[in-house]
Amino acid sequence: MQRPRYPWEFSDRDYTYDELLGRVFNVLRENNPALVGDRRRTILRPPQVLREGTKKMKFANFADLCKMMHRQPEHVMGFVLAEMGTTGSLDGQQRLVVRKIFSKNFEGILRCYANEYVICSGCKSSNTIPSNENCLFFLRCERRYLM
């Protein structure tokens, strides 16, 4: 007779909830090895917003955040400025300079950008590539192609 791999094999007793749950997850892992991979959360550092004079604000770590999201600074800048309803530009050190003083939540605006243009809606991965086809914006998820 074979040795059982699980306590419930070759038995007619009732299963406990924990045993059934463990069995389901074991079967899922055996049949779908891609599900076992690491699930990383996308974490953005908070924006460093500094006041410059009486009529301007600087977004000091703007270039770093764009690199973390793997997006072009011009695209992110366009979204942020449109959400804030103002004008601005990038200075020599790739910091975003906004022409008005705002008390708006920069972190909330960046979170909206990430949800719309960075994070895959299907698997919540940030490993995406933006593409424009016939004036329509698409996100191509690279994680789905790796599975």
Side-chain angles (χ1 to χ4, degrees), residues 4-9 14-147:
R5 288 190 304 175
Y6 306 107
W8 55 82
E9 284 186 330
D14 290 335
Y15 303 120
T16 65
Y17 176 78
D18 291 331
E19 288 174 339
L20 287 173
L21 193 62
R23 184 177 180 189
V24 167
F25 281 111
N26 286 334
V27 169
L28 281 173
R29 280 188 214 102
E30 288 172 6
N31 295 332
N32 301 309
L35 293 177
V36 179
D38 63 341
R39 291 188 57 102
R40 295 180 294 162
R41 252 184 104 166
T42 305
I43 299 174
L44 290 177
R45 281 185 250 136
Q48 296 173 353
V49 181
L50 311 169
R51 192 171 185 159
E52 182 179 290
T54 58
K55 296 185 180 183
K56 292 183 184 179
M57 292 184 81
K58 275 190 182 178
F59 193 165
N61 60 345
F62 181 73
D64 295 335
L65 289 172
C66 291
K67 285 179 187 175
M68 284 178 61
M69 293 188 291
H70 304 291
R71 295 298 182 261
Q72 295 295 321
E74 293 80 17
H75 189 260
V76 180
M77 179 180 73
F79 181 85
V80 169
L81 295 177
E83 284 290 312
M84 294 171 62
T86 187
T87 59
S89 62
L90 292 175
D91 66 0
Q93 297 174 339
Q94 294 296 305
R95 295 178 299 192
L96 178 63
V97 179
V98 179
R99 302 267 189 259
K100 291 181 183 177
I101 301 293
F102 284 96
S103 62
K104 283 196 174 184
N105 184 3
F106 279 93
E107 193 170 347
I109 293 172
L110 286 174
R111 190 173 293 124
C112 288
Y113 178 84
N115 289 336
E116 184 75 25
Y117 295 105
V118 178
I119 297 174
C120 174
S121 60
C123 66
K124 304 299 183 204
S125 170
S126 63
N127 190 11
T128 57
I129 296 175
S131 63
N132 284 327
E133 297 174 13
N134 298 330
C135 298
L136 295 174
F137 182 82
F138 293 99
L139 278 179
R140 190 178 81 194
C141 182
E142 292 296 302
R143 185 168 183 254
R144 289 185 184 178
Y145 292 113
L146 295 175
M147 289 185 189

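A quick note: this is a predicted structure, and the numbers were derived from the prediction, not measured. Residue numbers start at 1 and run along the sequence shown.
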Could you give the side-chain donor-acceptor pairs of residues 59-70 under 3.5 Å, partners two or more places apart or in another chain?
| residue | atom | partner | partner atom | Å |
| --- | --- | --- | --- | --- |
| Asn61 | OD1 | Gln48 | N | 2.9 |
| Asn61 | ND2 | Pro46 | O | 3.1 |

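In this structure the side chain of Ile119 never reaches within 4.5 angstrom of the side chain of Leu139, judged on heavy atoms. Residues Glu83 and Tyr113 form no side-chain contact, since every pair of their non-hydrogen atoms from C-beta on lies 4.5 Å or further apart.
Using the six-membered ring where Trp is involved, Tyr117 and Phe137 have ring planes that are perpendicular, over 60° apart on the 30 and 60° scheme.
When all heavy atoms are compared, the tightest approach of Arg99 to Ser89 is NH2-OG, 3.6 Å.
To the nearest 0.5 Å, atoms CG (Leu28) and CZ (Arg23) are separated by 12.0 Å.
The side-chain hydrogen bond (donor to acceptor under 3.5 Å, both in side chains) test with Asp91 is passed by exactly one of Gln94, Gln93, Arg95: Arg95. The one candidate from Met77, Met84, Lys56 that meets the side-chain contact (heavy atoms from CB on, under 4.5 Å) condition with Val98 is Met84.
For Arg111, the salt bridge (Lys or Arg N to Asp or Glu O under 4.0 Å) partners at least two apart in sequence or on another chain are Glu107. Taking the salt bridge (Lys or Arg N to Asp or Glu O under 4.0 Å) definition, one finds that Glu52 meets it with Lys58, sequence neighbours left out.
Side-chain N or O atoms of Thr128 include one that pairs as donor or acceptor with a backbone N or O of Val118 at under 3.5 Å.
The environment of Tyr17 atom OH is sparse: at most 12 non-hydrogen atoms of other residues, nucleotides or ligands sit within 6.0 angstrom.
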